[in-house]
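What you see is a predicted model, and the numbers here were worked out from it, not measured in a lab. Order of the sequence lines fixes the chain letters, A, B, ..., with proteins taken first and strands second; residue numbering starts at 1 for each chain.
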2 protein chains.
Amino acid sequence: MSEQAHPGRRSIGARRNPDSADAILDAAEAVLTEAGYSGFSIEAVARRARAGKPTIYRWWPSKAALLLEVYQRGKRVAVPDTGNLEEDLVGFLNNLFRHWRETSSGNVFRSLVAEAQSDETAAVALASYAGGRRSHTGQIIERAKARGEVAAGIDSALVADLVASYAWKHLLTNRLDEDEATIRKAVRYLTQGIAGAR
Amino acid sequence: MSEQAHPGRRSIGARRNPDSADAILDAAEAVLTEAGYSGFSIEAVARRARAGKPTIYRWWPSKAALLLEVYQRGKRVAVPDTGNLEEDLVGFLNNLFRHWRETSSGNVFRSLVAEAQSDETAAVALASYAGGRRSHTGQIIERAKARGEVAAGIDSALVADLVASYAWKHLLTNRLDEDEATIRKAVRYLTQGIAGAR
DNA sequence: GTCGAGAAACGGCCCGTTTCGTTTCGCCGC
DNA sequence: GCGGCGAAACGAAACGGGCCGTTTCTCGAC
């Protein structure tokens, strides 16, 4: 998995030190966890990893690329499949909020979104990632559609976008501790609007 | 000695607080528009406003405070009242997207959200502002509720939060050019889920 | 005289790049 | 297999430049 060509990373004829790369990614995560986004700098990561700045710049063209790889290194959020749309979406949001709360992922993703507001390459990477997630999460809706739980004409990607929007805003405004009842209400408002005839 | 002989353009008259404050806010908006969030610094604003940095720091404790005041100085987005919930929400989102696209407000708000991810005071200010907007936008839903268009038990603030989430994510991922048909679909998914018995 | 203003300079941090000498690794001839 | 060579990655240090937030100074209006 690690010898693939990463966007923005050399892969041809490059001999990178895997230990060094791991140390840098570990350090990046640690710095972000301990000092937050405001304390997250290439210099700080290099110090922490006992690495040289040029080594970091050689493999990651920007802070955004480093952040993105740290985020993607983390575990994936479990996508439930209970046979019921409301339960699937509530479960997914619950898993996502807990994951963001209890690991460094929340802070990493927050930082990535923030970075994307001033760095064009970060914006592109984030848009691409968000697009992928949108179609991925959309499968929850597609499954419900196949069960007849959701009307056939419904735009799954759009529904997934709405769900993700809710998650993003809560992440960005420090409201990841929403209780399940509230999440369920929000999900219900959505699912009832797209219900099928079944 | 000093640069007494500037390209003469302004009387030697002392600029008291209001004039200076306006000049600084104008400069902040201009810098943000021309250089973006990455080029937005207190020094750049001071240069542009021909003001001293201490003057800025005297009135605004942080970049976030300056951003927030610039944003609130802008025109308010018109909140339609057509007597129909779907039209109200579609109109509101259309107005908001256009406002964010066609004025500097979009970039200002983006910057504010980004700033809030690394500056605690910005986060607090933004949370407070978002809360106010939530109840404000919630009035659209409250009016629909009064008309019986929305079920009585519906949480207006939560619906407003969902609507705002959609707007935020589109702002933060550079998708403010969504066409009205898509916006209408999103709104419809929501409004149909909260419809009343009428 | 007082007060708020702008200018300038402060130490400090970080940026992204360059240079340095060293270490590691791939390859090729043996 | 073995050994050596060169390319490439490495850590460290230093570069010019920018911004941070603060301090000091001088000036002009009241």
Side-chain angles (χ1 to χ4, degrees), chain A residues 2-3 6 8-28 31-32 34-67 111 114-115 118-122, chain B residues 1-28 31-32 34-67 111 114-115 118-122:
Chain A
S2 66
E3 285 307 314
H6 279 71
R9 267 229 235 148
R10 299 185 196 174
S11 58
I12 300 176
R15 273 175 284 132
R16 81 187 289 186
N17 182 348
D19 293 343
S20 191
D22 274 343
I24 288 167
L25 290 171
D26 287 344
V31 167
L32 203 47
E34 292 167 15
Y37 180 50
S38 59
F40 183 75
S41 67
I42 299 291
E43 298 220 352
V45 173
R47 273 197 302 272
R48 175 91 185 205
R50 291 180 215 280
K53 282 198 293 175
T55 303
I56 298 182
Y57 280 110
R58 177 151 40 235
W59 297 109
W60 295 277
S62 68
K63 231 173 357 179
L66 188 50
L67 283 171
S111 306
E115 187 73 12
S118 58
D119 177 1
E120 187 57 34
T121 73
Chain B
M1 237 196 234
S2 56
E3 14 196 283
Q4 176 100 349
H6 253 307
R9 47 172 289 281
R10 193 175 271 217
S11 73
I12 320 178
R15 274 143 260 158
R16 299 298 254 169
N17 290 10
D19 292 343
S20 201
D22 273 344
I24 288 167
L25 290 171
D26 287 345
V31 167
L32 204 47
E34 293 168 12
Y37 179 49
S38 58
F40 181 76
S41 68
I42 299 291
E43 297 222 353
V45 173
R47 274 197 300 271
R48 175 91 185 205
R50 292 180 211 279
K53 283 196 293 173
T55 304
I56 298 182
Y57 280 109
R58 180 153 35 237
W59 292 341
W60 295 277
S62 67
K63 234 180 344 187
L66 187 50
L67 282 170
S111 306
E115 187 73 13
S118 57
D119 177 2
E120 188 56 35
T121 74

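When rounded to the nearest whole Å, the span between CG of B/Asp119 and P of D/dC20 equals 12 Å. What separates OH of A/Tyr37 from P of C/dC14 is a distance of 14 Å, to the nearest Å. Between the CG atom of A/Leu66 and the P atom of C/dG16 there is a distance of 12 Å, given to the nearest Å. Rounding to whole angstrom units, OH of residue A/Tyr57 and C1' of D/dA9 are separated by 18 Å. Rounding to whole angstrom units, CD1 of residue B/Ile24 and C1' of C/dG4 are separated by 12 Å. The distance from atom CD1 of B/Ile56 to atom C1' of C/dA7 is 13 Å, rounded to the nearest whole Å.
For the OP1/OP2 pair of D/dC10 and a distance below 4.0 Å, the side-chain nitrogens and oxygens of A/Trp59 include at least one atom meeting the criterion. One finds no side-chain N or O of A/Arg50 lying less than 4.0 angstrom from the OP1 or OP2 phosphate oxygen of D/dG11. Not one side-chain nitrogen or oxygen of A/Thr55 sits closer than 4.0 Å to the OP1 or OP2 atom of D/dA9.
For the pair A/Val31 and A/Gly39, the tightest heavy-atom approach, listed with the atom from each and the gap, is CG1-O, 3.7 Å.
At least one side-chain heavy atom of A/Leu66 sits under 4.5 Å from a side-chain heavy atom of A/Phe40. Taking 4.5 Å as the limit, every side-chain heavy atom of B/Thr121 sits out of range of all side-chain heavy atoms of B/Pro61. Residues A/Trp59 and A/Ile24 fail the side-chain proximity criterion, which asks for heavy atoms closer than 4.5 Å. With a 4.5 Å cut-off on side-chain heavy atoms, A/Ser111 and A/Leu32 count as touching. Using a 4.5 Å cut-off on side-chain heavy atoms (C-beta onward), B/Thr55 and B/Arg58 make contact.
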Short heteroatom pairs, N/O only, protein and nucleotides 16-19 of chain D, under 3.5 Å:
none

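Note that CD of B/Glu120 is 10.0 Å distant from OG of A/Ser38, once rounded to the nearest 0.5 Å.
Distances from the side chain of A/Arg58 to the nucleotides C/dA8, D/dC10, C/dG4 place D/dC10 closest. For B/Ala51, whose side chain is taken as the heavy atoms from C-beta onward, the closest listed nucleotide among C/dA8, C/dG6, C/dT18 is C/dG6.
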